[in-house]
2 protein chains.
Amino acid sequence: MYSSHLLSSVGSAAIPTFGPPAEPLTLDIVFAGQPANKFAAGEGVFWEGDKSADIFQIIEGCLRLYRILPDGRRAIMGFRFAGETLGLSCEGTYCYTAEAVTSVRLRRLSRARLRAMGEEVRQLQPLLLAKIFEEIRAARQHIIVLGQLGAEERTAHFLVSAARRTGADQRRPVTIELPMTRQDIADYLGLTIETVCRVLSKLKRDGLVALEGRHKIILMRMTDLQHLAGEFDDADPHAPTYIQAKWPQ
Amino acid sequence: MYSSHLLSSVGSAAIPTFGPPAEPLTLDIVFAGQPANKFAAGEGVFWEGDKSADIFQIIEGCLRLYRILPDGRRAIMGFRFAGETLGLSCEGTYCYTAEAVTSVRLRRLSRARLRAMGEEVRQLQPLLLAKIFEEIRAARQHIIVLGQLGAEERTAHFLVSAARRTGADQRRPVTIELPMTRQDIADYLGLTIETVCRVLSKLKRDGLVALEGRHKIILMRMTDLQHLAGEFDDADPHAPTYIQAKWPQ
DNA sequence: CGGAAAATTGACTTACATCAAACTCAGTGG
DNA sequence: CCACTGAGTTTGATGTAAGTCAATTTTCCG
């Protein structure tokens, strides 16, 4: 109830003005006030085939999203970290299982409630649509990784995009947390656990990364890793686009 | 102009009633009245990176959608056939090149115009959203094919879903037209042309398919092919869902 | 510290890629 | 109409990246 209040006030302040509103609407605001849910590592949040009644925002922790094929193979479709959303691109039923990698806290919002908010607040629709387009972009990226790249390229790409997601300065060594297991990474990249290990060892031998325990990797030479990854990315969403504006066209 | 008229009348007839409107809105109606464009085989309709100003509906023919990686590899993201739409899931710039496989006729609609229609006609939004969700579903399917399946499984999956797209009765031999080259199929499945050929030859030897010239394949034993493909599909969109309703839950 | 799960490394196998040659077939022109 | 042509396809021989199987080692946690 009170979050609907919050939204109304943001909405009515923003609608009359054209251009960017004074306080931009974000999904943080949409989820604000929803109670937080906790999940222990290994617990499931929802299962493939469940009616997709809710969407989620992760407060902290990491989730893996996967499907199990009839013969038991597991295809990991992606990972989600703190601040990211979950379930938006599933209409009707969830198309994958979501399982906590670490212990996870998240907020839940029913689709019914989301729809009601959408009626009230005009800014919401394009915001959700942007998230959906982002998912399509990521899926297409993944298709190229799996269809065209070799084991080393795939792994490099995984590391580089993980680093990018942290938002850290990409020009100096980036330390990334990889809470998932090697098996998870393998199932995500369409490789075996042994191949992932061997590739990581090779990258270490070549001085491109440093391994710090199981779940921490330091990317020592980003540009080399990016080069290895194929550099076929779409425009980097985090790139400072204003640099172009500095120069006369 | 006159197509906007058409839409207005459909819209105002449909909005007052709840439930399904008398004449369901389809994209055919949205595109009706747009002039038809022709493209010869091999011609490009738009290029990756172009500003995605328009969306398209194919009247007849077949298109391939692809991206070229920096080192020259070509990743085919999909094919589009008569009746299907194109460009909806690209915001800002097109994320792939669209090229005519056969000679193609299609209708073009500017996004500006589409947006204007959206304001006028309420039914349009969910219709477009459904198309976008369908694209996500297809992309996820493709991820599993490329990440988890072997060459024979991939090829079988390609054939089975091509057959499904024709809408033909899946219980008896289905003849499908494959206007694209073997190289196209290979680039779509993340294989080489030789592997695609060998797999097709093997399927023929095993009596699962019959090859009729270069561009026609008859799927002789659908259930075996489906089994080979892994049968991991989401709910078949063509499946008669009402069967469930017949039985008490 | 002890034990179990996860990760790493090595030896061997295999599915697919690569390279190379032959075949098919749709068009074209004599 | 038929030989010629060249692109597209098929088949075969061989190479290689990644998978499989089997130890070992590391790491984490009680």
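Excluded from the calculations below are hydrogen atoms, water molecules and symmetry mates; all remaining heavy atoms, backbone and side chain alike, are included. The chains referred to below are lettered A, B, ... by the order of the sequence lines, with proteins before strands, and numbering in each begins at 1.
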Q) For the residue pair Phe46(B) and Tyr94(B), does the interplanar ring angle fall in the parallel (under 30°), tilted (30 to 60°) or perpendicular (over 60°) class? A) parallel
Q: Answer yes or no: is there a side-chain heavy-atom contact under 4.5 Å between Thr155(A) and Leu191(A)?
A: yes
**Q.** Distance in angstrom units between Ile185(B) CD1 and dT10(D) P, rounded
**A.** 9 Å
Q. Are any non-hydrogen side-chain atoms of Glu91(A) and Arg137(B) less than 4.5 angstrom apart?
A. no
**Q.** Distance-minimising heavy-atom pair for His157(B) and Gln141(B)
**A.** NE2-NE2, 3.6 Å
Give every pair of a protein N or O atom and an N or O atom of nucleotides 13-15 of chain C that lie under 3.5 Å apart, one pair per line with the distance.
none

Q: With the side chain of Leu211(A) defined as its heavy atoms from C-beta on, choose the nearest nucleotide among dT8(C), dA7(C), dA18(D).
A: dT8(C)
Q: Identify which one of Glu135(B), Glu99(B), Glu60(B) satisfies the salt bridge (Lys or Arg N to Asp or Glu O under 4.0 Å) criterion when paired with Arg80(B).
A: Glu135(B)
Q) Of Leu191(A) and His215(A), whose nearest nucleotide on DNA chain D comes first from the 5' end? A) Leu191(A)
Q. Axis-to-axis angle across the helix from dC1(C)-dG30(D) to dG30(C)-dC1(D), five pairs an end, to 10 degrees?
A. 40°
Q) To the nearest Å, how far apart are Lys216(A) NZ and dA6(C) P? A) 20 Å
Q: Measure the distance from CZ on Arg182(A) to C1' on dT27(D) and round it to the nearest whole Å.
A: 11 Å
Q: Pick base, sugar-phosphate or nothing for Thr181(B), based on heavy-atom distances below 4.0 Å to the nucleic acid.
A: sugar-phosphate
Q. Considering only heavy atoms and no angle criterion, is a donor-acceptor pair shorter than 3.5 Å present between the side chain of Arg198(A) and the base of dT20(D)?
A. yes
**Q.** Nearest-angstrom distance from the residue atom CG of Leu189(B) to P of dA17(C)
**A.** 11 Å
Q.
Around atom CD of Glu231(A), are there more than 12 heavy atoms from other residues, nucleotides or ligands closer than 6.0 Å?
A. yes
Q | Spacing between Arg73(B) atom CZ and dA17(C) atom P, to the nearest angstrom | A | 13 Å
Q: Indicate the atoms forming the closest heavy-atom contact of Lys131(B) with Leu27(B), along with that distance.
A: CE-CD1, 3.5 Å
Q) OP1, OP2 of dG19(D) versus side-chain N and O of Thr195(A): anything below 4.0 Å? A) yes
Q.
Does Leu200(A) reach a base, just sugar-phosphate, or nothing at all? Heavy atoms under 4.0 Å.
A. nothing
**Q.** Minimum-distance nucleotide (side-chain atoms of Cys197(A) versus dA18(D), dA17(C), dT8(C))
**A.** dT8(C)
Q: In whole angstrom, give the distance that lies between atom CG of Leu203(B) and atom P of dT10(D).
A: 12 Å
Q. Does a sphere of radius 6.0 Å around NE2 in His227(A) hold more than 12 heavy atoms from other residues, nucleotides or ligands, not counting ones at 6.0 Å or beyond?
A. no
Please tabulate, one pair per line, each protein N/O and nucleotide N/O from nucleotides 22-27 of chain C that are separated by under 3.5 Å, including the distance.
residue: dT24(C); atom: O2; partner: Arg214(B); partner atom: NH2; Å: 3.0

Q) Rounded to the Å, how far apart are Met180(A) CE and dA7(C) P? A) 11 Å
Q: Look at the side-chain N and O atoms of Ser201(A) and state whether any lies under 4.0 Å from the OP1 or OP2 oxygen of dT9(C).
A: yes
Q: Apply the test salt bridge (charged side-chain N to carboxylate O under 4.0 Å, His left out) to residues Arg73(A) and Glu153(B): give CA-CA distance (whole Å), side-chain angles for both, the deciding distance (0.1 Å), then the verdict.
A: CA-CA 14 Å; Arg73(A) 279 175 285 193; Glu153(B) 299 172 298; 3.0 Å; yes
**Q.** Donor-acceptor pair present, Glu194(B) side chain and dC16(C) base, under 3.5 Å
**A.** no
Q | Ring geometry between Tyr188(B) and Phe158(B) (parallel below 30°, tilted from 30 to 60°, perpendicular above 60°) | A | tilted
**Q.** For atom NZ of Lys204(B) and atom C1' of dT11(D), their distance in whole Å
**A.** 12 Å
Q: Evaluate the criterion salt bridge (charged side-chain N to carboxylate O under 4.0 Å, His left out) for residue pair Arg107(B) and Asp28(B); output intermediate values, then yes/no.
A: CA-CA 10 Å; Arg107(B) 297 189 202 284; Asp28(B) 290 332; over 6 Å; no
Q) Does CD belonging to Glu212(A) count more than 12 external heavy atoms closer than 6.0 Å? A) no
